[in-house]
Amino acid sequence: MKNILIIKGGGRPKGNTAQLTASFEKGATDAGHSVETISLLKNEVKGCLGCNACRYGKPCIQKDSFNELVPKIKNADLIVFASPLYFWTISSRIKAFIERFYCIAEEDNNPPLGRYEKYPVKDSALLMTAADNFFWTFEQAASYYQFAIVNYIGFHDKGMLLAGGCGDTNGKPQIDKTDHLQRAYEFGKNIYS
Ligand SMILES: Cc1cc2nc3c(=O)[nH]c(=O)nc-3n(C[C@H](O)[C@H](O)[C@H](O)COP(=O)(O)O)c2cc1C
């Protein structure tokens with residue numbers, strides 16, 4: 001049994017991303033994992049100020065939800081980043097959340113090449129939805145995830161579910177007309193099997 005923390009970075013409350021996340025959550029719960037989903041719409045996390053007041057081990061000076069999320073982050077085995085595709089990348093809410101990892105970084109006197117600090121070691125996954133479904137639709141988002149979360153922060157990638165063709169936000173969510181929800185359920189169910 002693993003502790004799974006899903007960070008939902010926006011999207012409509014009953015939209016494609018919310019549905020995709022709920023299916024993943026159901027699969028993971030059915031597999032016996034403990035899953036908590038945090039919506040950054042309800043729990044505001046602002047971008048980092050770069051003030052350095054947090055270094056090292058001190059809380060962030062900003063009065064938003066991030067400091068309350070730190071114990072949940074530290075306690076999680078797997079952190080799932082869930083986001084709609086906005087202007088070809090992750091939402092600004094997810095980006096702001098990642099920036100705040102600055103305050104959970106620890107000093108590392110001998111960091112590996114290309115890294116300056118140590119971060120908690122976690123597994124990670126990416127769930128995304130988009131209107132378009134070209135071969136390059138998720139290229140920027142997947143590349144940022146791979147570079148910042150996996151290569152730099154050092155999380156162990158457990159996979160990405162990139163759900164294109166979900167309809168644009170001018171209309172109703174269309175994800176229920178695709179096979180993405182079933183795929184998300186299976187992804188959650190089998191993530192540690
Ligand atoms: C501000 C904004 C930017 C968007 N940018 C893109 C985009 O670059 N590419 C794309 O395919 N869809 C784009 N979309 C569509 C959404 O990614 C898509 O409809 C998504 O599934 C909406 O998620 P939701 O239903 O959870 O709100 C954008 C939507 C909004 C509101």
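Whatever order the structure lists them in is the order used to number ligands and atoms, beginning at 1. By convention here, the first residue in the shown sequence is residue 1.
A heavy-atom distance below 4.5 Å is not found between the side chains of N43 and F97. The shortest distance between side-chain heavy atoms of Y145 and V150 falls below 4.5 Å. R100 places a side-chain heavy atom less than 4.5 Å from the side chain of V45.
Both the backbone and the side chain of N16 come within 4.0 Å of ligand 1, counting heavy atoms alone. Of the heavy atoms in A131, both backbone and side-chain atoms come closer than 4.0 Å to ligand 1.
Shown here is K58, whose NZ atom has more than 12 heavy atoms of other residues, nucleotides or ligands within 6.0 Å.
Which of T21, T137, L85 comes nearest to atom 16 (C) of ligand 1 through a heavy atom is settled by distance: it is L85. Taking only non-hydrogen atoms, the option from T169, T89, T129 nearest to atom 21 (O) of ligand 1 is T129.
Ring orientation note: the planes of F101 and F66 are tilted relative to one another, at an angle of 30° to 60°.
Between the side chain of K63 and the backbone N or O of I61 there is at least one donor-acceptor pair closer than 3.5 Å.
Of the protein's non-hydrogen atoms, the one nearest atom 8 (O) of ligand 1 is W88 N, 2.9 Å. Scanning the protein for heavy atoms near atom 26 (O) of ligand 1, the closest one is T17 OG1, 2.7 Å. Nearest protein heavy-atom neighbour of atom 27 (O) of ligand 1: R12 N, 2.8 Å. Regarding atom 11 (O) of ligand 1, its nearest protein heavy-atom neighbour is D132 N, 2.9 Å.
Below 3.5 Å of separation, one finds an N or O of F87 facing an N or O of ligand 1. Taking distance alone, with nitrogen or oxygen atoms compared against 3.5 Å, D168 stays at or beyond that limit from ligand 1. For ligand 1, the polar-atom distance check against Y86 finds no nitrogen or oxygen pair separated by under 3.5 Å.
For the pair G167 and ligand 1, a heavy-atom separation below 4.0 Å is found.
For K8 and E25, the salt-bridge test fails: no basic side-chain N is under 4.0 Å from an acidic carboxylate O.
Of the N and O atoms on the side chains of D123 and Y192, at least one donor lies less than 3.5 Å from an acceptor on the other residue. A side-chain donor-acceptor contact under 3.5 Å links N151 and Q146.
Taking a cut-off of under 4.0 Å to the non-hydrogen atoms of P84, the atoms of ligand 1 that pass are 22 (C), 23 (O).
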